[in-house]
Number of protein chains: 2
Amino acid sequence: MAARPSDGGTPVAAGDGPVPGGPERTRDADRTRAEILAVATAEFADRGYAGARINEIAGKLSTTKRMIYYYFGGKEQLYVAVLEAAYSRIRGLEQQLDVEHLDPVEAIRELAGLTFDHHEAHPDFIRLVSIENIHRAEHIARSEALSGLANPALDVLGTILDRGWAAGLFRDDVDALDVHQVISAFCVFRTANRHTFGVIFGRDMLDPARRDHQRRVLGDLVVAYLTAR
Amino acid sequence: MAARPSDGGTPVAAGDGPVPGGPERTRDADRTRAEILAVATAEFADRGYAGARINEIAGKLSTTKRMIYYYFGGKEQLYVAVLEAAYSRIRGLEQQLDVEHLDPVEAIRELAGLTFDHHEAHPDFIRLVSIENIHRAEHIARSEALSGLANPALDVLGTILDRGWAAGLFRDDVDALDVHQVISAFCVFRTANRHTFGVIFGRDMLDPARRDHQRRVLGDLVVAYLTAR
DNA sequence: AGAGGTATGTACCAACTGGTGAGTTGACAC
DNA sequence: GTGTCAACTCACCAGTTGGTACATACCTCT
């Protein structure tokens, strides 16, 4: 992720490979857009919306600042595009969840574990979400592509809970969103508050040596709660 | 906490009352410092470190921008002072926790509930913590007043757990910090991620109508987990 | 081949931002 | 009274920031 000045060298594609067109490409709108989005995502996740600098993003591009404004219009629209792309990527991954074949208790434990893995694998996404919350979600609220869309993980959870309730295994004084909130809270907190927690308590919540333990705590937590009494 | 232009009117003290001196005060270092800190706290919590503007803070002061530099040195030092004051205020409140008279199970439920109340009552503090995490806790790590200091809430929790373990009531495959992490995660997430959660799932985690329910979920969650098996 | 729109690079700017130089005023000690 | 220093005001600045005017090169369609 080193800064690469716009030295006119052969640009490296950000994202997918070369288009069927030909071996030598100089003008490629899709590639330019994708590269801007990739660099901007890293920069906004790293510094926040106000802290990110258009000039800094441009400096890390093989193209120029002018292209950011040509394709995205401005800093705010670029940021919204970054959020939309990030959320859509995450939703795509969540759709691959498959725990239907397990009994409800094991399915819940597995879903919690996969959510755990998934959050750990995408710290930049969690940073973007934290940043967007600092801005009171004003950008995603205005984005048609983001507001109101359902969440695959929540659907899966709903199905598991329905089966659990039907079998009389789970307590019925919570709904799917409450349970999802508990799981998300644990997973998000671990990454989002890693740094202050580390400084104050002297323990890195993302320490690989404690990973399995933390993952088990989450599974036990949710299962114990749902099956209690 | 309304914006007050420097209109030369009688300044209202930020913090404590008038000093024994007399009824008319014009020069008062403590009061000026306190006012700057109060306005800066609101501004940094509202906009983040990079988003906050020294000129904006100065505009809301009954004194001038020059005084910010006179008393604090610069934007970053002002921000660190804000963090130190906020953490110290919160620690003071946590020291008032008193659940020693309850049996371990009820003490845990009570501690979780009080932590819940406490987080709900201080959204600005949670915003500051989120903001500081975006900056990877670099400021509190450098602050001697903040790094490494113990946490009263954690001490209380440790005592309760010790009693619970001694009585054979609690599982012993977790430590106090794990449990604290679970409680914090739930409480912090509710406030810190309120906005994106609201936009995406259409439910306000801080809705007063659901407050009691959420508080009960947290209590049940922690108790069910600790007493499981 | 050449018309014409898409894509791109260069140079530049006005407004803002954090920060400061230098002088002024009030309160307290003696 | 007056010396003295902390507390305070005012005007100012240099660097940065998001944004743009303008010229131009490339690719596709005919």
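None of the values given here were measured: they were computed from a predicted structure. Chain letters run A, B, ... following the sequence lines, proteins first, then strands; residues in each count from 1.
- Between B:His139 and B:Glu132, the side chains place a donor N or O and an acceptor N or O closer than 3.5 Å (distance only, hydrogens not considered).
- Of the candidate nucleotides C:dG9, D:dT20, C:dT17, D:dT20 has the atom nearest to the side chain of A:Lys65.
- The side chain of A:Met67 has C:dG9 as its nearest neighbour among C:dG9, C:dG21, D:dT20.
- Under the 4.5 Å side-chain criterion, counting only non-hydrogen atoms from C-beta, A:His180 is in contact with B:Phe201.
- Rounding to the nearest 0.5 Å gives a distance of 9.0 Å between CD of A:Glu144 and CD of A:Glu84.
- Annotation: proximity of residues 68-77 of chain A to DNA chain C (heavy atom, distance under 4.0 Å) is found for A:Tyr70, A:Tyr71, numbered in ascending order.
- The nearest whole Å value for the distance from the CG atom in A:Leu61 to the C1' atom in C:dT10 is 16 Å.
- Note: CD1 (A:Ile54) to P (C:dA14) measures 20 Å, nearest angstrom.
- Using a 4.0 Å heavy-atom distance criterion, A:Ala52 is classed as a sugar-phosphate-only contact.
- Between the side chain of A:Arg66 and the base of D:dG19, no donor-acceptor pair of N or O atoms lies under 3.5 Å.
- Between D:dC8, C:dA7, C:dT8, one nucleotide has an atom nearer to the side chain of A:Thr32 than all others, and that is C:dT8.
- Using a cut-off of 4.0 Å between Lys/Arg side-chain N and Asp/Glu carboxylate O, A:Glu43 and A:Arg53 are scored as not salt-bridged.
- At C:dT8, none of the side-chain N or O atoms of A:Thr64 fall inside 4.0 Å of OP1 or OP2 (strictly under the cut-off).
- Annotation: side chain of A:Leu161 is in contact with side chain of A:Ile108 (closest heavy-atom distance under 4.5 Å).
- Annotation: cation-pi pair B:Arg33/B:Phe72 present, NZ/CZ under 6.0 Å from the ring centroid and within 45° of its normal.
- Following rounding to the nearest Å, B:Asn55 (CG) and D:dC10 (C1') show an atom-to-atom distance of 14 Å.
- Look at B:Thr63 and you won't find any side-chain N or O under 4.0 angstrom from OP1 or OP2 of D:dA7.
- An OP1 or OP2 oxygen of C:dG18 is reached within less than 4.0 angstrom by a side-chain nitrogen or oxygen of B:Arg53.
- Annotation: cation-pi pair B:Arg66/B:Tyr71 absent, no NZ/CZ under 6.0 Å from the ring centroid and within 45° of its normal.
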